[in-house]
Amino acid sequence: MALKVYGHRISEPSRAVIIFCKINRIDFEEIQVEVLKGQQFSKEYGAITPMRQIPAIVDGHLKLIESHAILIHLCCSFPGVASHWYPGDPQKRAKIHSILDWHHSHLRRGAAGLVYTTILAPLNELRSFLQIVIQAEEILLRSLSELENVWLKLGDGSFLGGSSQPSIADLSLSCEVMQLELLSEEDYHRILSPYKKVKKWIEDVRNATTPYFDEIHEYLFEYQKRIREQMATQSGKNKVRAKM
């Protein structure tokens with residue numbers, strides 16, 4: 001039975017898992033879960049995971065959620081995966097684990113929080129609180145600074161922790177930073193422009209995973225275009241109302 005990957009390409013951790021499978025030639029079936037339509041709450045998906053999260057995988061009898069756990073499982077269970085993704089050396093693995101743990105506690109809180117509160121919530125007519133927006137941006141800026149000045153400063157390599165080749169941490173965190181593309185063009189450049197090493201690192205990950213990084217992120221940029229058109233329409237309507 002082929003590995004089944006349940007996810008959606010609007011989801012940054014889903015993209016990381018899909019890119020990983022493609023770059024390592026893992027035979028898998030991609031099953032799209034329409035999270036924007038609430039399909040994760042269906043009875044069918046609940047049979048995969050009662051947590052209702054994406055991504056999820058079914059590998060034989062194993063049902064697994066959490067993208068970091070999924071990536072580690074794939075590295076350990078599928079032959080032919082290059083060792084640089086998840087090295088066998090315990091100390092190198094420990095370093096990858098520390099970056100992945102930091103990701104969920106810091107970078108993801110800031111990036112996902114800011115995108116949701118400033119973009120996704122308003123578009124779905126949900127209330128967004130200014131204090132939550134401010135807090136999410138503070139966490140994000142602090143996380144980008146740590147990414148720039150700590151994780152990308154260790155050693156002499158181009159990748160996280162000073163490695164000369166990408167690990168699953170590089171793939172996971174780069175997909176997280178790419179989610180910032182959904183912000184307004186002004187906010188995106190304001191937030192990310194000061195972090196030159198982060199921007200170069202994204203390009204290094206893209207080059208190391210070509211052509212799949214760009215292929216899987218196509219949906220993100222299509223969605224970005226739709227969001228910006230919708231926001232421009234809403235802004236125009238608000239200006240008209242203000243003049244009435």
Side-chain angles (χ1 to χ4, degrees), residues 7-17 33-41 49 51-56 65-71 97-152 160 168-195 197-199 201-202 205 216-217 219-221 223-228 230-231 234-235:
H8 194 292
R9 295 186 183 190
I10 194 60
S11 154
E12 50 270 52
S14 294
R15 293 196 302 272
V17 171
V33 180
E34 293 288 355
V35 291
L36 301 177
K37 298 179 180 178
Q39 192 177 352
Q40 68 273 31
F41 300 112
T49 168
M51 305 299 287
R52 312 287 181 171
Q53 296 175 348
I54 59 169
I65 59 169
E66 294 295 345
S67 61
H68 294 168
I70 291 170
L71 290 168
H97 280 235
S98 68
I99 296 170
L100 292 175
D101 287 351
W102 174 86
H103 171 207
H104 267 163
S105 300
H106 298 82
L107 180 63
R108 182 155 180 77
R109 284 179 60 210
L114 188 63
V115 170
Y116 179 79
T117 55
T118 61
I119 303 297
L120 300 181
L123 286 176
N124 288 282
E125 299 182 350
L126 298 174
R127 189 175 179 184
S128 182
F129 296 91
L130 179 59
Q131 187 56 43
I132 296 177
V133 173
I134 293 171
Q135 183 183 47
E137 183 167 327
E138 287 175 349
I139 294 171
L140 174 60
L141 293 175
R142 186 165 60 248
S143 299
L144 289 171
S145 179
E146 291 171 352
L147 187 57
E148 176 105 349
N149 297 304
V150 178
W151 298 121
L152 288 172
L160 295 174
I168 57 174
D170 290 282
L171 189 52
S172 183
L173 273 68
S174 62
C175 286
E176 190 73 63
V177 175
M178 287 296 293
Q179 199 76 353
L180 299 177
E181 294 279 357
L182 294 181
L183 297 173
S184 69
E185 188 172 2
E186 179 182 357
D187 282 342
Y188 176 82
H189 289 296
R190 175 179 61 81
I191 289 171
L192 207 59
S193 290
Y195 302 102
K197 287 185 179 179
V198 171
K199 294 178 72 174
W201 161 72
I202 292 289
V205 175
I216 304 306
H217 279 91
Y219 183 91
L220 181 74
F221 286 104
Y223 193 62
Q224 174 209 67
K225 183 179 178 182
R226 294 202 300 269
I227 284 175
R228 291 183 178 176
Q230 189 173 346
M231 292 180 70
Q234 288 183 353
S235 177

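Keep in mind that what you see is a predicted model, and the values were worked out from it rather than measured. Side chains included, hydrogens not; waters and symmetry mates left out as well; all remaining heavy atoms used.
Atom CZ of Arg109 has 12 or fewer heavy atoms from other residues, nucleotides or ligands within 6.0 Å.
Rounding to the nearest 0.5 Å gives a distance of 12.0 Å between CD1 of Ile216 and CE of Met178.
Side chain of Ser105 to backbone of Trp102: no donor-acceptor contact under 3.5 angstrom is found. Panel note: side chain Arg15, backbone Cys175; a donor-acceptor pair is recorded below 3.5 Å.
Side-chain contact between Arg108 and Pro13: present, with at least one pair of heavy atoms (C-beta onward) separated by less than 4.5 Å. The closest side-chain heavy-atom distance from Tyr223 to Leu36 is below 4.5 Å. The shortest side-chain heavy-atom distance between His103 and His68 falls under the 4.5 Å cut-off.
Shown here are the side-chain contact (heavy atoms from CB on, under 4.5 Å) partners of Tyr195, two or more places apart in sequence or in another chain: Leu141, Leu144, Ser145, Glu148, Val198.
Here the closest non-hydrogen pair linking Ser14 and Ile54 is OG-CD1, 3.8 Å. In this structure, Leu220 and Gln179 approach most closely via the heavy-atom pair CD1-OE1, 3.6 Å. Summarising the geometry of Ser172 relative to Leu71, their closest heavy-atom pair is CB-CD1, 4.5 Å, with the distance given to 0.1 Å. Heavy atoms only, all atoms of each residue included: Ala16 and Leu171 are closest at O-CD2, 3.3 Å.
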Audit row: Asp187, Arg190, side-chain contact (heavy atoms from CB on, under 4.5 Å) steps and yes/no: CA-CA 5 Å; Asp187 282 342; Arg190 175 179 61 81; 3.2 Å; yes
